[in-house]
Structure formats: structure tokens, C-alpha cells
Q: 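Can you read through this structure? Questions will come right after.
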Protein chains: 2
Amino acid sequence: MLKKLDPLLHSELRLAIMSLLISVKKAEFTYLKEQTEATAGNLSVQVTKLENAAYIIVEKGYKGKMPQTVCTITEKGIEAFEKYVKDLKEYLKL
Amino acid sequence: MLKKLDPLLHSELRLAIMSLLISVKKAEFTYLKEQTEATAGNLSVQVTKLENAAYIIVEKGYKGKMPQTVCTITEKGIEAFEKYVKDLKEYLKL
DNA sequence: GCAATTTAGTTTATATTATAAACTAGTTTG
DNA sequence: CAAACTAGTTTATAATATAAACTAAATTGC
């Protein structure tokens with residue numbers, strides 16, 4: 001009856017990350033940390049999970065001399081997010 | 001920035017239970033089990049959590065000679081569900 | 001110029017949560 | 001009356017989320 005919700009997206013922090021990336025497409029790790037108010041450790045773990053699912057691409061570089069991690073949403077990530085929203089609407093009767 | 005999602009509702013099975021009860025107000029345990037396709041054990045645990053939060057009322061009686069558990073959504077449960085939907089819309093940009 | 005603090009993360013350990021398996025108690029059926 | 005089924009609950013395990021501890025380099029204050 002009800003569609004199975006993508007467990008990778010049905011997590012508060014990962015959903016917040018993906019939601020931000022749906023808007024901005026690309027964001028720094030530090031920006032995501034500020035916006036989500038998550039701890040760096042938690043964010044790091046969840047970003048890695050999204051990366052492993054190929055929902056986002058994670059690039060490590062430098063901003064001046066400081067390390068900088070940039071996350072970019074992929075086409076697969078966008079599709080997964082859209083499907084999640086669609087599935088969730090069934091639950092919420094939206 | 002983003003509102004904290006009610007962790008009691010941000011669970012696939014509990015959300016399904018509440019979604020069903022939003023529609024029908026009152027339902028038998030067995031009906032919920034059929035509709036959600038959950039195992040009885042899992043359903044029992046999640047129903048109890050919703051009951052402890054006073055989101056639903058659980059009444060145990062008999063249907064003929066067989067035990068029958070009936071779940072009814074409370075006003076508090078309805079409000080919590082509506083708030084959850086509202087909060088979630090922020091995440092999903094709905 | 002070097003100790004203390006800050007930035008930007010990762011790794012690992014712990015707490016929480018979800019799920020399934022095992023169990024109880026009574027019922028129906030061949 | 002034994003076997004299988006119904007309607008659940010309790011308990012054990014697996015999965016997940018979160019925080020604490022750590023690494024490594026940069027910046028700041030004295």
C-alpha cells in the first residue's frame with residue numbers, strides 16, 4: 001500500500017543536507033554545518049553516507065591554506081529527493 | 001533555521017499508523033497490521049510508543065471471543081501530525 | 001616565536017531506535 | 001484432541017544516529 005520511504009533520506013540531518021543542496025546545488029561543509037546546526041562529526045558521517053549512495057559528490061580542496069570540503073548534489077540525488085517527496089505525500093495525504 | 005522534526009512521528013511505521021488514523025480516526029490493530037504490512041511485534045512496539053505519547057488511545061477488548069485492540073487518534077495526536085507536516089514542508093520546500 | 005586557541009574535519013565509541021524472533025494465551029478446524 | 005491459526009506482547013538483535021575524542025594545520029596573543 002504505502003511506498004517504502006528511502007531510508008537514506010528518511011533521516012532528519014540527511015534530509016536537511018539534501019534539502020539545502022536542492023536549493024543551492026553546491027555548498028561548503030562549513031556552510032552545511034552552520035545551516036543544519038549539526039556537529040561536525042555527525043555531519044561528516046551523514047555526508048559520507050550520501051556520498052556513498054552517489055547522491056552527492058564530495059570534493060576536498062583548499063580555500064587559501066585551510067582545507068575545504070565542497071558538496072555537490074548529483075542528478076541521482078535530485079531524483080531520489082524528488083521521489084522521496086512524492087512517496088512521503090502518500091503518507092501525509094498532501 | 002530548520003525546525004526539529006518530532007522524532008516520534010519521524011519514523012516510517014509510526015507515521016504510517018498515524019496517517020491511517022488521521023483518515024479513519026479509529027482502527028483495529030489487525031487493520032493497521034494489514035495496511036502497514038508490518039510485523040505484529042513491530043506494530044505492537046510502535047503503537048505503545050504512540051500511546052505513551054498520548055497521540056493515540058489503545059483499548060483492549062473482545063470481538064466475539066477473540067481479543068481485539070482498537071486504536072483511536074487523540075486531539076493531541078492530530079495536532080502533532082499537523083505540526084509534523086508543517087515542519088516537514090520546510091525541509092521539502094513544499 | 002612559541003603556547004593557547006581556533007578551524008576543518010575524521011574516526012570511534014556510545015546511546016537510541018527499529019525490527020524481527022521467540023513466546024503467551026486462547027480459538028478454530030479436521 | 002492434536003495441529004494450525006489468530007491476536008497480540010516481550011525480548012533480543014541489528015541498524016542508525018549522535019557525540020566525544022582525536023588529527024592536523026592555522027591563527028592569535030604575549
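Note: hydrogens, waters and symmetry copies are ignored here, and every other heavy atom, side chains too, is used. Throughout, a chain's letter reflects where its sequence line sits, starting with A, and its residues are numbered from 1.
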Q: Take Ala40(B) and Lys60(A), find for each the nucleotide of DNA chain C with the closest heavy atom, and name the residue whose nucleotide sits nearer the 5' end.
A: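 Its nearest nucleotide being more 5', the pick is Lys60(A).
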Q: Which is true for Gln46(B) with a 4.0 Å heavy-atom rule: it touches a base, it touches only sugar-phosphate, or it touches nothing?
A: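 Base contact - Gln46(B) has a heavy atom under 4.0 Å of at least one base atom.
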Q: Rounded to whole angstroms, how far apart are CG on Leu8(B) and P on dT16(C)?
A: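 It works out to 15 Å between those atoms.
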Q: Can you tell me how far C1' of dT16(C) sits from NE2 of His10(B), to the nearest Å?
A: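 The answer, rounded to whole Å, is 14 Å.
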Q: Give the nucleotide from the list dG9(C), dA18(C), dA7(D) with an atom nearest to the side chain of Asn42(B).
A: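 Given the options dG9(C), dA18(C), dA7(D), the side chain of Asn42(B) is closest to dA18(C).
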Q: Does Gln68(B) or Tyr62(A) map to a spot on DNA chain D nearer the 5' end, using the closest nucleotide for each?
A: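 Nearest nucleotide further toward 5': that of Gln68(B).
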Q: Considering just the side-chain nitrogens and oxygens of Thr69(B), establish if one lies under 4.0 Å of OP1 or OP2 belonging to dG8(D).
A: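 Yes.
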Q: Among Asn52(A), Leu50(A), Leu15(A), which residue satisfies the side-chain contact (heavy atoms from CB on, under 4.5 Å) criterion with Leu8(A)?
A: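 Among Asn52(A), Leu50(A), Leu15(A), the one that satisfies the side-chain contact (heavy atoms from CB on, under 4.5 Å) with Leu8(A) is Leu50(A).
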Q: How many whole angstroms separate atom CG of Leu50(B) from atom P of dT9(D)?
A: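 Checked: the CG to P distance equals 13 Å.
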Q: To the nearest angstrom, how far is Ile17(A) atom CD1 from dT18(D) atom P?
A: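 Result: 10 Å.
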Q: Output yes when Glu12(B) and Lys4(A) qualify as a salt bridge under the 4.0 Å nitrogen-oxygen rule, no when they do not.
A: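 Looking at Lys4(A) together with Glu12(B), the answer is yes, because their closest N to O distance falls below 4.0 Å.
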Q: Is the backbone of Leu43(A) close enough, under 3.5 Å, to the side chain of Arg14(A) for a donor and an acceptor to pair up by distance?
A: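 It does not hold such a pair.
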Q: Of Val58(B) and Glu12(A), whose nearest nucleotide on DNA chain D comes first from the 5' end?
A: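 The residue mapped nearer the 5' terminus is Val58(B).
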Q: OP1, OP2 of dA18(C) versus side-chain N and O of Ser11(B): anything below 4.0 Å?
A: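 Ser11(B) to dA18(C) OP1/OP2: side-chain N or O found under 4.0 Å.
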Q: Under 4.0 Å: is that the gap between some side-chain N or O of Lys49(A) and OP1 or OP2 of dT16(D)?
A: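 No, outside the criterion.
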Q: Of the nucleotides dT18(D), dA17(D), dA20(C), which has the atom closest to the Arg14(A) side chain?
A: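 The answer is dA17(D).
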Q: Starting at CG of Leu15(B) and ending at P of dT17(C), how long is that distance when rounded to a whole Å?
A: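 Those two atoms, CG and P, are 16 Å apart.
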Q: How are the rings of Tyr84(B) and His10(B) set to each other: parallel, tilted or perpendicular (split at 30° and 60°)?
A: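 Because their plane-to-plane angle lies in the 30° to 60° range, the rings of Tyr84(B) and His10(B) count as tilted.
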Q: Please pick, from dT10(C), dT16(D), dT10(D), the nucleotide with the shortest atom-to-atom distance to any side-chain atom of Ser44(B).
A: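 Of all the options, the side chain of Ser44(B) is nearest to dT10(D).
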Q: To check you understand the geometry: which heavy-atom pair defines the closest contact between Val58(B) and Lys60(B), and what is its length?
A: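 That closest heavy-atom pairing would be CG1-CE, 3.8 Å.
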Q: Of the options dT18(D), dA7(D), dG9(C), whose atoms approach the side-chain atoms of Thr30(B) most closely?
A: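 Of the options given, the side chain of Thr30(B) lies nearest dA7(D).
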Q: Check the distance between dA18(C)'s P and Leu5(A)'s CG and give it to me in whole angstrom.
A: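 Distance, rounded to whole Å: 13 Å.
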Q: Rounded to whole Å, how long is the line connecting atom NZ of Lys4(B) with atom P of dT18(D)?
A: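 Nearest whole value for this atom pair: 6 Å.
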Q: Take the protein atom NZ of Lys33(B) and the nucleotide atom C1' of dG8(D), then report the distance between them rounded to whole Å.
A: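 For the pair Lys33(B) NZ and dG8(D) C1', the rounded distance is 10 Å.
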